[in-house]
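Please read the structure below before turning to the comments.
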Amino acid sequence: MMIDYETLKLVWWALIAVLLIGFALTGGFDLGAAALLPFVGKTDEERRVAINAIGPTWEGNQTWLITAGGAIFAAWPLVYAAAFSVFYIAFMLLLFALFLRPVGFDYRSKVTDPRWRTTWDWGLFVGGLVPAILCGVAIGNLFVGLSFRFDDTMRVSYGAGFFSLLNPFSLFCGVVSLAMLLLHGATFLHLRTDADVQRRARTAVIAFGLVTALLFALGGIWVRQLAGLHIAEIGDVNGVVTPLSKSVQVGEGGWLANFSLWPLAWLAPVAGLAGALLAALSGYLRWQWPAFLASGLAITGIILTAGLALFPFVLPSSLDINSSLTVWDSVSSRKTLAIMLGVVIVFLPIISIYTTWVYRVMRGTVTVDRIRKETHTSY
């Protein structure tokens, strides 16, 4: 049976959400662990323990981000074009920060000089810290609105530059994102290490679990004060709709209006808050797997909360609210979405099985004794 265009648009919104959450869940813990590196490891061997906990799988985790970018390019071409232009400098900073990761992992242990290794330790720290903050800043700007607009011929123009992205609410979201990923990285190190590294990671789990919960709750109060958008009029969403064929208004209830329309949507912020608190509690009780799973629940809940609050908007505009891009008017053709969905149905199970196998092979506790013995395979 052929899937109608409206359903395909919704399916691809959900799939892109899955990809972004997948990156946060997998790439998130290695970003968080890298950002914690100078603090959980006080000696070279302790830092090597933390690096070897994430070293074998970090490259595979990055593919979630690459796949999400490719999916946005193919499924939401207008979003890709506008976002990568508005966020150009921010994305360049993100890219150069990520450059530090492969070089740091591969070259840190090539030279035994402490100054060399310490330099790359801080490089890995920056490579974890900066992306964690920038991803949150990007999400925060969606609630504030981005500086772009379409004219009558669908040519896009841009307004304010990079520093307009550094507004108070977006910077706050950057801090929330950092706390969330530091929590996830700490729970992973608490799960995979022992001795002093594990003890320091446990302390971080408790601290950042509580900080993430507090910041997320404060963020909800702040979002309530922001002007949200809603679609007043649009054409047939089961057909081809252009961005300028709709009418957008500032809506009552701000960005939280959707939670009044769909009461089940409240499960997302509840999961985000409960997950962070449960992670902190599990860390206090020295429960390793529950802490890691709870931090994953927190990440899923927090990202879903943002997505559901914005829906159906994908890229709101601050210059012209009618130019805001939505799930309905920023997508590729029906045929393109259908073909890509077929590819996903075939390859997603294969990739999931392979990823599960990799993590199974790489399981186990990383200890100082282990990295001393396995010098040919450790970082």
Side-chain angles (χ1 to χ4, degrees), residues 2-17 20 68 71-87 138-160 164-165 169-170 223-262 265 304-338 340-341:
M2 299 294 289
I3 303 177
D4 62 77
Y5 200 11
E6 179 182 358
T7 302
L8 281 171
K9 293 175 182 179
L10 292 172
V11 167
W12 273 99
W13 179 87
L15 285 174
I16 291 174
L20 293 175
I72 292 172
F73 172 77
W76 293 342
L78 291 178
V79 172
Y80 184 91
F84 275 70
S85 296
V86 175
F87 288 127
I139 297 299
N141 272 285
L142 298 184
F143 288 92
V144 176
L146 296 172
S147 183
F148 73 95
R149 70 190 307 165
F150 293 99
D151 63 17
D152 293 338
T153 61
M154 284 301 298
R155 290 184 302 180
V156 63
S157 59
Y158 305 97
S164 68
L165 302 176
F169 180 74
S170 297
V223 166
R224 187 181 179 86
Q225 314 306 316
L226 299 178
L229 304 180
H230 81 277
I231 297 176
E233 185 179 351
I234 195 171
D236 181 11
V237 296
N238 195 38
V240 177
V241 183
T242 64
L244 296 182
S245 65
K246 66 181 182 297
S247 174
V248 177
Q249 297 177 350
V250 176
E252 296 182 4
W255 288 114
L256 299 182
N258 284 340
F259 294 93
S260 298
L261 294 174
W262 314 315
L304 278 179
T305 298
L308 291 171
L310 289 166
F311 185 88
F313 292 92
V314 179
L315 212 66
S317 170
S318 60
L319 291 183
D320 174 25
I321 59 175
N322 288 326
S323 294
S324 299
L325 296 173
T326 71
V327 171
W328 313 122
D329 55 30
S330 60
V331 297
S332 295
S333 68
R334 181 182 179 280
K335 185 175 182 180
T336 299
L337 297 183
M340 292 195 304
L341 181 59

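Quick caveat: nothing in here was measured; it's all calculated off a predicted structure. Heads up: numbering here begins at 1 and tracks the sequence.
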_Residue list, side-chain hydrogen bond (donor to acceptor under 3.5 Å, both in side chains) with S323, at least two apart or on another chain_ = D320
_My understanding is that only residues two or more places apart in sequence, or in another chain, count here; which of them pass side-chain contact (heavy atoms from CB on, under 4.5 Å) with L256?_
V223, R224, F259
*Grab the two heavy atoms, one from I139 and one from A306, that are nearest each other, plus how far apart they are.*
CG2-CB, 4.1 Å
*Residue list, side-chain contact (heavy atoms from CB on, under 4.5 Å) with A83, at least two apart or on another chain*: F87, L315
*Contacts of type side-chain hydrogen bond (donor to acceptor under 3.5 Å, both in side chains), residue S85, not counting sequence neighbours*: Y158
*For S157, all residues meeting side-chain hydrogen bond (donor to acceptor under 3.5 Å, both in side chains), sequence neighbours excluded*: none
_Under the rule for salt bridge (charged side-chain N to carboxylate O under 4.0 Å, His left out), what residues qualify as partners of D151, not counting sequence neighbours?_
R155
*Output all residues satisfying ring pair (Phe, Tyr, Trp, His ring centres under 6.0 Å) with F311, sequence neighbours left out; order by chain, then residue number.*
W13, W262
*How far apart are the closest heavy atoms of L165 and S170, and which atoms are they?*
O-CB, 3.5 Å
*Given F313, which of I231, L142, V327 fulfils the side-chain contact (heavy atoms from CB on, under 4.5 Å) condition?*
I231
*Sequence neighbours excluded, which residues qualify as side-chain hydrogen bond (donor to acceptor under 3.5 Å, both in side chains) partners of T336?*
S333
*Can you sort out the partners of L15 under side-chain contact (heavy atoms from CB on, under 4.5 Å), two or more places apart, ordered by chain and number?*
V11, W12, L341, V344
*Sequence neighbours left out, what passes ring pair (Phe, Tyr, Trp, His ring centres under 6.0 Å) with F84? Give chain and number order.*
Y80, F91
*salt bridge (charged side-chain N to carboxylate O under 4.0 Å, His left out) partners of D329, counting only residues at least two apart*: K246
*Residues forming a side-chain contact (heavy atoms from CB on, under 4.5 Å) with N238, sequence neighbours excluded*: D4, Y5, E6, D236
